[in-house]
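In what follows, a structure is listed as structure tokens, so that the remarks can point back to it.
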Amino acid sequence: MTRKLAKSAISQKRVLDAAAKIFRDYGYAGTTMRTIADEANLKAGSIYYHYKSKDELISAVLDIGMHAVLDTVNSALAALPADADVRLRIETAIRAHLSAIIDIGDYTLATRRVIGQVPEAIRAQNMRLRDSYASLWQAILVDAQKRGEFRADANITLSRLFILGALNWTVEWFKPGGRTIDEVAHEFAAVVLDGLGKPDSAKPKAAPAKARATPRITV
């Protein structure tokens, strides 16, 4: 039986969802508590029951967005068998990441817009979560390199930045009804693994083409 949320929890979720949408559209400076209350269809004073200030609210929005990704990816990886190879681990992490950011699209887009606008203390707090998530990916990629599944000369840190940047941009263009998340995840994984995977040294090299004889020109 599905557990029903208390009225206060429902109201809080309305506030958070409204805040994510308004921060997404207007940025940090352009957002007011009254605008969020209007979007949530609540009285202006009601919003302060849950959050005392705009800073407290944007901090919650940022943390929800980051925790959604971190928790979803961790859970997906934990469900894999212990002997899962790097291809399965990376494709699973990619799929979980995409599922999370698309499921909470307004939070993801709000984060992209305001992370450079919020007060330093709020940004630093959220960056700790981001660093934790980056470490998760760094560990996956480093482990693959140590196992010899990636090229020894591959720059893992740059590869991680490339992967996460590409994944996070997906929320800007992904549209329901087009390619599925599974299809996009599979394609992303192929790009990553084909770009980082060790070349098949056993694959026979193509024989060099025979030089064509230069025709003699008769004058």
Side-chain angles (χ1 to χ4, degrees), residues 1-6 9-10 12-17 19-21 24 58-112 115 122-147 149-150 156-157 159-176 178-193 196-197:
M1 181 176 179
T2 303
R3 185 178 178 182
K4 292 184 178 180
L5 292 174
I10 294 173
Q12 183 180 28
K13 186 177 187 306
R14 284 171 60 189
V15 170
L16 287 167
D17 289 348
K21 184 176 179 180
R24 177 201 71 185
I58 188 57
S59 182
V61 168
L62 292 174
D63 286 354
I64 286 172
M66 198 62 244
H67 271 298
V69 177
L70 183 59
D71 295 347
T72 301
V73 173
N74 267 325
S75 295
L77 291 174
L80 292 176
D83 60 349
D85 62 19
V86 68
R87 180 172 289 273
L88 180 57
R89 286 174 59 78
I90 286 178
E91 187 164 341
T92 296
I94 288 174
R95 183 182 297 105
H97 183 113
L98 292 177
S99 296
I101 66 172
I102 290 169
D103 185 52
I104 57 163
D106 285 346
Y107 289 82
T108 305
L109 290 168
T111 298
R112 288 175 62 84
I115 192 62
I122 295 175
R123 183 164 55 251
Q125 177 182 324
N126 191 253
M127 288 305 296
R128 285 193 286 272
L129 285 175
R130 288 168 172 260
D131 289 345
S132 177
Y133 186 57
S135 295
L136 184 157
W137 270 96
Q138 190 82 6
I140 294 173
L141 300 177
V142 167
D143 181 61
Q145 191 174 53
K146 287 181 177 179
R147 293 183 183 186
E149 295 178 272
F150 283 175
I156 295 302
T157 298
S159 299
R160 168 178 57 78
L161 292 171
F162 164 76
I163 292 168
L164 296 182
L167 292 181
N168 288 333
W169 187 253
T170 304
V171 75
E172 300 279 359
W173 57 260
F174 183 87
K175 302 295 182 186
R179 285 177 294 175
T180 66
I181 290 177
D182 282 350
E183 289 170 340
V184 174
H186 182 72
E187 291 171 12
F188 263 127
V191 170
V192 172
L193 293 162
L196 293 176

Under-4.0 Å salt bridge between Asp106 and Arg24: yes
From CG (Leu193) to CD1 (Ile94), nearest 0.5 Å: 7.0 Å
From CD (Glu172) to CD1 (Ile101), nearest 0.5 Å: 9.5 Å
Check against side chain to side chain contact (heavy atoms under 4.5 Å, CB included), Phe150 and Asp143: CA-CA 9 Å; Phe150 283 175; Asp143 181 61; over 6 Å; no
Heavy-atom side-chain proximity of Arg112 to Val171 below 4.5 angstrom: yes
Atom pair CG (Leu98) and OG1 (Thr180), whose distance is rounded to the nearest 0.5 Å: 10.5 Å
Any donor-acceptor N/O pair, Asn168 side chain to Leu164 backbone, under 3.5 Å: yes
Arg179 versus Phe174, closest heavy-atom pair with distance: O-CE1, 3.2 Å
Minimal non-hydrogen separation, Ala110 against Val61, with atom names: CB-CG1, 4.3 Å
Point-to-point distance, once rounded to the nearest 0.5 Å, from CH2 of Trp137 to OG1 of Thr157: 14.0 Å
Side-chain heavy atoms of Gln138 within contact of Ile156, under 4.5 Å: yes
Sub-4.5 Å side-chain heavy-atom contact between Leu109 and Lys21: no
Side chain to side chain, Glu183 and His186, heavy atoms closer than 4.5 Å: no
Nearest heavy-atom neighbours spanning Tyr107 and Gly65: CB-CA, 4.3 Å
Heavy-atom pair of closest approach, residues Ala68 and Ile104: CB-CD1, 3.4 Å
Spatial distance of atom CG (Asn126) from atom CD1 (Ile58) [nearest 0.5 Å]: 9.0 Å
Main-chain N/O of Ala166 paired to Thr170 side chain as donor or acceptor, under 3.5 Å: yes
Rounded distance [0.5 Å steps], CD1 in Ile90 versus CD1 in Ile163: 6.0 Å
Please report, to 0.1 Å, the donor-acceptor pairs under 3.5 Å made by any side chain of residues 74-88, with sequence neighbours excluded.
unit_1	atom_1	unit_2	atom_2	d
Asn74	ND2	Leu70	O	3.3
Ser75	OG	Asp71	O	2.9
Asp85	OD1	Arg87	N	3.3
Asp85	OD1	Leu88	N	2.9

Residues Asp17 and Lys13 bridged, charged N to O under 4.0 Å: yes
Within-4.5 Å side-chain heavy-atom neighbours: Gln125 and Asp63: yes
Under 3.5 Å side-chain donor-acceptor pair for His67 and Tyr133: no
Phe162 atom CZ: more than 12 heavy-atom contacts under 6.0 Å: no
Within-4.5 Å side-chain heavy-atom neighbours: Arg95 and Ile181: yes
Test item: Leu141 and Gln145 side chains (from C-beta on) under 4.5 Å apart, heavy atoms: no
